[in-house]
Amino acid sequence: MNEIAINVEHLTKEYRIGQTHQHGETMREALLSRLRRGQTANGREATPAMHVALRDVSFAVKRSEVIGVIGRNGAGKSTLLKILSRITEPTSGQATIYGRVGSLLEVGTGFHPELTGRENVFMNGATLGMRRTEIARKFDEIVAFSEVEKFIDTPIKRYSSGMRVRLAFAVAAHLEPEILLVDEVLAVGDAAFQEKCLGKMSDVVDHGRTILFVSHNMASIKHLCSRSILLEEGEIAFDGPSDEAVQRYMVGNEALSTQADNRIFISVTPNPALKHQVLSVEAFGRYGEPLSYVATDDYVRFRITWQSTEAVRRGGVMFGLHTLEGVPLIHYSTQPISKVEVEIQVGLNQIDIEFERLPLAAGQYYVAVVLMRPRVERLYTNNSFGILRITENDVFDSGYPVRSDVSLLTTPHRWLPVEDE
Amino acid sequence: MAVKEDMKLQANTSPEASPHYKETVIKRTRGLAALQLGELWAFRELLYFMAWREIKVRYKQTLLGITWIMLRPIVSMIVFTFVFDTMLGAGPEGVPYEVYAFAGLLPWNYFATALSRSSSSMVTSSQLITKVYFPRLIVPTSEIVSGLIDFAVSLIVLAALLMYFKIQLTWTVLVMPAFLLLAMVTALGFGLWLGALNVRYRDVTYIVPFLVQMWFFLTPVAYATSRIPESYRFLLSLNPMVAVVEGFRWGLLSNYITEPPTGSLVAIAVIISSVVLITGAYFFRVTERTFADVV
């Protein structure tokens, strides 16, 4: 059991700034910049601004080990997976993989809405590197696992998103790779199915396979992985037991959540590669005073500040508070929920969301933010933007403030005796 | 996962890899990358599935479905007959213009469709490219393959035309697959160049329809080859599609067109399209490594 499955040595990935979001520069721009470069000393281009997504990352994974990769958005988790699954090349360093790799970077990639479930299973399997005979042999098992038997000959476009995810996970789970790279796929689908997927993954592990699992869901990281790597700004900040890695991750988040003057100011380091990015979330009181804490049932006004490099006439913002396990408690949008028009301008944008009474019990919650074109696409999603700590408040005047381990929500209520007529 | 020992491994120590696992080294490729045709072969089923999906999806939710494939060349043929033969008199002598035009349209339509589709294929499959690894060459190649189905369906129309005009086929029909192959090679070669360029420069999206249109006029599809002035013949022979169209016509209508395309015309076409294909494949491979970052 001492064999190595993945060996990563000094992996570095740099992106030229602008490269990722310039969706096809035009030839004119390219020619012009080439001409300008030609004017600098012997054609050596002036070093363009670089964004380092991964910096000198080294680690090794043993066969049949399940390793978690955690870190804030933009820490380099997805880049790492993309390199390991050969979608993109590293700038320097190398990774050696021993065994057949299956990667599940996004569920249902390559699903075509016009094709039936059956056709998509074959198509999807082939994309993931399965042979036709292999898919045919496992077909019944895949369909049974996905629980979409009845609709297998219906075009996928008539499926619910849950059904699609189930089918896609089923295909990937039956791929039987020696090494499985998984990125946050379990964030979708209902709880029962998530449980089933986790079970299937444990199964895979029992069969001596290696899994590299990227997730924001600390509960499933702790549940599945004995060891985890914590990435911070493209570097390994910690590599060791999952409990400790998760602990450090949480503490790191919290440290960023409170500033020296104690007022609530949750922020992230700007990633210049993003077109739209939320920079901070602040909390204010009824009279516009910055808050240093928010207590259960208090008035609070959150201010979301984001930066955009592209104007969006019909934009939208979503604000959410999720449990640390990822359960959304509040997840409200300007559109369609509130029917508020948001025009995103180039540069800094702000919007406030006001809660007359915040009904969350004392505890820690993830602040989630999304920028979008309502009903069209998401421009920026971060379901763990930062951690908001809600302090105790004895709402019911009982001497027992409501805490999140007892009851997550507070709402006015009464107990009534039932009287015999 | 029973053992929870200290698992910090020195990254530099050489790992004890078991020999029966496939070893993949991931690092930056520099210079000319190998074509890795072996890997392409290993993924041949994906090629088949992609081509099949293309065909399956293309005519879904259309009223006429597959009849569109037949309708397009028929309508073109009728319009060409009216414009080029009746109005301009640019048709050939001694051959029914309808058949003559159709015999040219058949490989031309295949080429034009295959070229446009493969040029845009990398961009339209960006979803797949940024999420899964597979040899990227499969994407444009599958468009070249899926176009063959349209071609095969159009053959039915051709058969009907041949019967209507009572045209006898001779052994020369046997050369047609060779010319079809030449059309495929030409389409794939240019498709690889344009497809790879399109990932970075969306200008290609605007250039291709224009290119195809100009190319059409520089290929004797609607007019007779005999109308090309002698002094321009060599210049036009640089267009491999001239040889393809000529070859198709001779293959089908050798009772009327007794002269086969000249050896030099075919040789030049084969050389040019092979060079374009080989350089295209290398160019594609070299630019491929950044596709997922740029697309």
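Lettering of chains follows the sequences in order, A, B, ..., and the numbering in each one begins at 1.
- Interatomic distance, B:I26 CD1 to A:N7 CG, rounded to the nearest 0.5 Å: 11.0 Å.
- Looking only at distances, a side-chain donor or acceptor of B:E45 sits under 3.5 Å from a matching main-chain atom of A:R132.
- Note that the CZ atom of B:R44 and the CZ atom of A:R131 stand 5.0 Å from one another [nearest 0.5 Å].
- Note: A:E119 CD to B:K56 NZ = 3.5 Å, rounded to the nearest 0.5 Å.
- Rounding to the nearest 0.5 Å gives a distance of 8.5 Å between OG1 of A:T96 and NZ of B:K27.
- The residue from A:Q94, A:K13, A:E89 that alone fulfils the side-chain contact (heavy atoms from CB on, under 4.5 Å) condition with B:R28 is A:E89.
- Residue A:T91 touches chain B through both its backbone and its side chain, counting heavy-atom pairs closer than 4.5 Å.
- Interface check for chain A: of the options B:F49, B:F134, B:W52, the most heavy-atom pairs under 4.5 Å are formed by B:F49.
- Of all heavy-atom pairs between A:I87 and B:I129, the closest is CG2-O, 3.5 Å.
- With a 4.5 angstrom heavy-atom cutoff, A:I83 touches chain B via backbone and side-chain atoms both.
- Contact of B:Y48 with chain A is made through the side chain alone, with heavy-atom distances under 4.5 Å.
- Side chains of A:M123 and B:M50 form a contact here, defined as non-hydrogen atoms less than 4.5 Å apart.
- The local environment of CZ in B:R72 is sparse, with at most 12 non-hydrogen atoms from other residues, nucleotides or ligands closer than 6.0 Å.
- Here OG1 of B:T130 is found 5.5 Å from NZ of A:K82. Values are rounded to the nearest 0.5 Å.
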